[in-house]
Participant: 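The structure follows.
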Amino acid sequence: YLDQFNAFSASHINRAAEGFTFLRKQGRIDSSKLLVRPAIEVMIRLIAVRIKPELLYQITCKEREDYKVWMRAVTVRTGHLYDQVAEEKNWREFSAAYKTQYKTHHVLEKKLRLIDVARATGLLDYYDSHYRMYCNYTHAAYVATTGALDEVSDPEDNRAMALCVFAAAESVAVLGGSVPNL
């Protein structure tokens, strides 16, 4: 599970960085800012799981709860039934397999929000500064839509994305991938 998490997370950052770079080269600076927050979010989780691997289980718990809320709403709107029995069975199977594979992990059945992940691994300052700033772009906050944040964010955009790319590259290296000159 840890290897899959690292691989898929690194791949997600790669896609965000590709889009960011493409948009920047086209002069689409405002559009590129929308890709920074998702990359930072994944980076925080990647670094956290590298520091404290047992956090992966709680991160998964949070995503599971979010997924259930979303799927219930989707199934109601589409006239389908939400198969809670199947979902619970899948979770029990995953949980048992996880606990078998990672016997030394202190497994907690609780949702772990991103701020909690950042706090647990010493990344709270970056969360409070950069992640919160780029949330303004993602959530179309008035301060971002008017361009009022650009003076602060413009010098940080490339650095923030580069930091995310380095975290992804480190994850690839941890998996045994070739990352020359890292």
Side-chain angles (χ1 to χ4, degrees), residues 1-53 55-56 58-67 69-71 111-182:
Y1 295 115
L2 287 169
D3 287 353
Q4 287 178 349
F5 175 79
N6 280 317
F8 286 124
S9 296
S11 179
H12 191 77
I13 289 173
N14 182 58
R15 288 189 298 272
E18 282 181 327
F20 178 86
T21 303
F22 176 80
L23 290 168
R24 287 282 164 142
K25 286 181 178 179
Q26 301 300 315
R28 308 297 301 181
I29 305 303
D30 293 339
S31 299
S32 73
K33 290 178 185 290
L34 297 172
L35 294 167
V36 178
R37 178 188 175 255
I40 291 173
E41 187 165 342
V42 174
M43 178 200 67
I44 288 172
R45 288 188 185 128
L46 266 176
I47 293 171
V49 168
R50 193 170 312 124
I51 294 169
K52 295 183 178 181
L55 292 179
L56 178 58
Q58 291 176 330
I59 290 168
T60 305
C61 284
K62 166 80 167 88
E63 288 192 11
R64 173 188 180 229
E65 291 303 317
D66 292 347
Y67 179 80
V69 169
W70 172 60
M71 283 309 298
K111 298 189 314 185
L112 194 64
R113 300 171 303 153
L114 189 65
I115 191 170
D116 301 322
V117 173
R119 185 177 291 118
T121 53
L123 297 169
L124 188 57
D125 287 343
Y126 198 78
Y127 176 94
D128 279 338
S129 61
H130 289 70
Y131 179 77
R132 287 185 189 276
M133 175 172 61
Y134 289 105
C135 281
N136 285 291
Y137 291 97
T138 301
H139 297 294
Y142 187 66
V143 70
T145 61
T146 62
L149 278 181
D150 293 351
E151 186 178 335
V152 176
S153 67
D154 282 352
E156 295 302 315
D157 297 346
N158 290 337
R159 286 189 285 242
M161 191 58 80
L163 181 61
C164 296
V165 168
F166 281 124
E170 285 178 341
S171 292
V172 169
V174 166
L175 293 169
S178 176
V179 186
N181 304 317
L182 180 61

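On a predicted model such as this, the values are computed, not experimentally measured, just so you know.
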Participant: Looking only at heavy atoms, what is the nearest atom pair of L182 and A169, with distance?
Facilitator: CD1-CB, 3.9 Å
Participant: Could you tell me if the side chain of Y142 sits less than 4.5 Å from the side chain of T146, heavy atoms only?
Facilitator: yes
Participant: Run the side-chain contact (heavy atoms from CB on, under 4.5 Å) test against L35 and tell me which residues pass, sequence neighbours left out.
Facilitator: F20, L23, M161
Participant: So which heavy atom on K111 is nearest to which on C61, and how close?
Facilitator: CG-O, 4.2 Å
Participant: Of all residues at least two apart in sequence or in a different chain, which pass the ring-ring contact (aromatic ring centres under 6.0 Å, His included) check with F5?
Facilitator: none
Participant: Got V49 and L2 here, is their nearest side-chain heavy-atom distance under 4.5 Å?
Facilitator: yes
Participant: Tell me, which pairs form a salt bridge (charged side-chain N to carboxylate O under 4.0 Å, His left out) where one or both residues lie in residues 149-159, sequence neighbours left out?
Facilitator: R24-D157, K33-D154, K33-D157, E156-R159
Participant: Grab the two heavy atoms, one from L46 and one from A10, that are nearest each other, plus how far apart they are.
Facilitator: CD1-N, 4.3 Å
Participant: Drop me the distance from E63's CD to R45's CZ, to the nearest 0.5 angstrom.
Facilitator: 5.0 Å
Participant: I need the minimum non-hydrogen distance between V117 and A48, along with the two atoms involved.
Facilitator: CG1-CB, 3.2 Å
Participant: Check V36 against A160 and note the closest heavy-atom contact, atom names and distance.
Facilitator: CG1-CB, 3.9 Å
Participant: I want to check something: taking the side chain as every heavy atom from C-beta on, are I115 and R132 in contact at a cut-off of under 4.5 Å?
Facilitator: yes
